[in-house]
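Below is one structure, written out as structure tokens, with a few remarks after it.
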Amino acid sequence: MEASGPCVPARHPGSSAVGEFELIERYFRSPAEAPARQRGDVVLGIGDDAAVLDMPAGRQLVAALDTLVEGRHFPAGCSPHSIGHRALAVNLSDLAAMGADPAWFLLALTLPVAEPVFLEPFAQGLLDLARPYGVALVGGDTTAGPLAVSVQVLGSVPVGAALTRSGAAPGDLLFVSGTPGDAAAGLQALLGAQALRGAPSSPHALTLVQRFLYPEPRVELGRALRGLASACIDVSDGLAADAGRLAAASGCGAQIDAARLPLSEALQAAAGAERGAMHALTGGDDYELCFTVPAQRRSELEARLTNVKCRVTCIGSIEKQSGLRVTQDGVAIACDTRGYDHFRAAG
Ligand code: ADP
Ligand code: MG
């Protein structure tokens with residue numbers, strides 16, 4: 001807790017608002033205790049000044065942090081349960097891209113008023129996702145202000161086994177998991193419905209909205225790619241931009257064949273094949289993995305994928321010449337490969 005000074009505006013919580021200590025206790029400390037005990041490596045969790053964690057021998061710590069800001073990463077009025085889910089999911093996705101085993105996470109929560117109508121489903125969404133991955137909440141910070149959620153996730157890999165963006169070589173095959181483009185189309189459907197003060201009604205639109213609200217981090221896939229993928233990145237800013245980043249980090253270029261993009265049935269029904277492909281290439285928020293595997297190891301990849309519950313599609317290859325080329329029937333097509341940039345003017 002920080003001291004409040006003259007610059008801190010007085011808070012006028014509603015009658016159901018809870019205090020800071022009660023909030024931490026009720027929504028975060030109590031529910032986090034059992035998972036922390038279960039892991040056995042949380043020496044000290046929530047409640048002291050910092051957490052104390054046992055690092056497994058022979059492994060390296062892998063750390064990532066991502067922030068979600070209301071009105072920037074999710075629209076105002078978004079379901080609190082999905083905000084909780086996404087805040088952890090986007091971080092688990094970063095660890096998945098490194099091939100890491102997630103272990104612990106910390107939560108920095110900034111919210112205008114501490115009301116159970118928000119906190120209850122928010123904490124549920126966060127912990128509902130933490131449970132199946134066995135990650136324990138071990139600390140955080142709680143402050144008043146405009147709604148923003150930062151999560152830091154910590155995990156580990158065997159020494160030297162982390163996947164990186166920089167190991168791809170010309171000739172490697174380029175793969176993507178899941179069905180990219182759904183989340184961007186879902187966000188568009190959500191905003192369109194909000195503008196009309198309604199809710200998306202077609203089953204396809206609802207499917208796409210769910211894909212935006214509840215991304216599935218590909219932790220299992222990332223782990224299966226250790227020692228096999230030459231490079232890996234998670235797709236948060238658009239497939240073309242992120243594949244381009246992987247290629248650039250590897251000192252190469254990449255080619256994506258638009259006809260091979262795995263478009264979901266919902267995306268094709270809602271946007272058509274052509275616009276669907278553009279959503280897949282340039283839309284953000286997918287949290288799929290984009291990775292490369294040397295061509296001669298393709299059957300090894302297929303063998304490993306039999307144990308992973310997610311679709312993986314070969315969409316192109318790594319090239320010597322820098323830059324990202326998108327082709328359709330062998331002909332280059334125009335595609336914005338810049339991806340989302342918070343500080344670049346829209347347009
Ligand atoms: P300090 O003032 O020493 O930073 P705080 O009062 O902020 O302590 O936090 C007390 C304890 O509660 C710490 O262990 C901290 O990690 C934890 N904590 C605070 N906010 C959260 C939160 N939103 N989620 C999880 N743990 C939290
Ligand atoms: Mg603090």
Side-chain angles (χ1 to χ4, degrees), residues 1-11 13-14 16-55 61-70 72-74 78-95 102-156 217:
M1 201 170 50
E2 274 97 47
S4 49
C7 309
V8 180
R11 276 149 77 182
S16 60
V18 291
E20 182 180 331
F21 292 104
E22 189 193 347
L23 179 164
I24 296 170
E25 180 60 43
R26 194 197 303 175
Y27 297 106
F28 302 114
R29 182 176 174 164
S30 300
E33 262 175 3
R37 251 198 322 274
Q38 226 164 34
R39 285 198 58 87
D41 53 10
V42 181
V43 181
L44 260 183
I46 297 171
D48 217 301
D49 287 309
V52 180
L53 308 163
D54 271 334
M55 262 304 285
L61 185 67
V62 181
L65 180 148
D66 253 333
T67 298
L68 301 185
V69 176
E70 183 179 56
R72 175 67 61 170
H73 300 94
F74 57 88
C78 204
S79 128
H81 189 274
S82 98
I83 298 171
H85 175 101
R86 289 185 81 236
L88 181 57
V90 303
N91 280 280
L92 290 178
S93 175
D94 280 324
L95 255 61
W104 315 291
F105 70 107
L106 295 104
L107 164 71
L109 179 59
T110 306
L111 72 177
V113 275
E115 283 174 333
V117 287
F118 176 85
L119 282 160
E120 178 82 49
F122 169 80
Q124 278 295 331
L126 193 73
L127 300 171
D128 282 351
L129 181 65
R131 212 171 300 115
Y133 289 101
V135 287
L137 178 60
V138 296
D141 195 26
T142 309
T143 56
L147 183 58
V149 189
S150 288
V151 166
Q152 180 185 44
V153 69
L154 304 166
S156 70

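Order of listing sets the numbers, starting from 1, for every ligand and every atom in it.
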Interfacing atoms of ligand 1 (cut-off 4.0 Å, heavy-atom, Gly47): 11 (C), 13 (C), 14 (O)

So is there a nitrogen or oxygen of Gly140 less than 3.5 Å from a nitrogen or oxygen in ligand 1? yes

When you compare the side chain of Leu53 with that of Val43, does any pair of heavy atoms fall below 4.5 Å? no

Is a donor on one side and an acceptor on the other found under 3.5 Å between the side chain of Asn91 and the backbone of Asp66? yes

Check Thr142 against ligand 1 and report side chain, backbone, both or neither, counting heavy atoms closer than 4.0 Å. both

Any nitrogen or oxygen of Phe21, side chain or backbone, less than 3.5 Å from one on ligand 1? no

Please examine the side chains of Pro116 and Arg26, heavy atoms only from C-beta on, and report whether any two atoms are closer than 4.5 Å. yes

Numbered atoms and elements of ligand 1 in range of Asp48, under 4.0 angstrom, heavy atoms: 11 (C), 13 (C), 14 (O)

Could you tell me if the side chain of Leu154 sits less than 4.5 Å from the side chain of Leu106, heavy atoms only? yes

Test item: Leu147 and Phe74 side chains (from C-beta on) under 4.5 Å apart, heavy atoms: yes

Which atoms of ligand 1 have any heavy atom of Asp49 under 4.0 Å away? 3 (O)

Using distance alone, with no hydrogens and no angle criterion, decide if His81 and Asp128 have a side-chain donor and acceptor under 3.5 Å apart. yes

Run the numbers for me: atoms of ligand 1, each under 4.0 Å from some heavy atom of Ile46, listed by number. 12 (O), 14 (O), 17 (C), 25 (C), 26 (N)

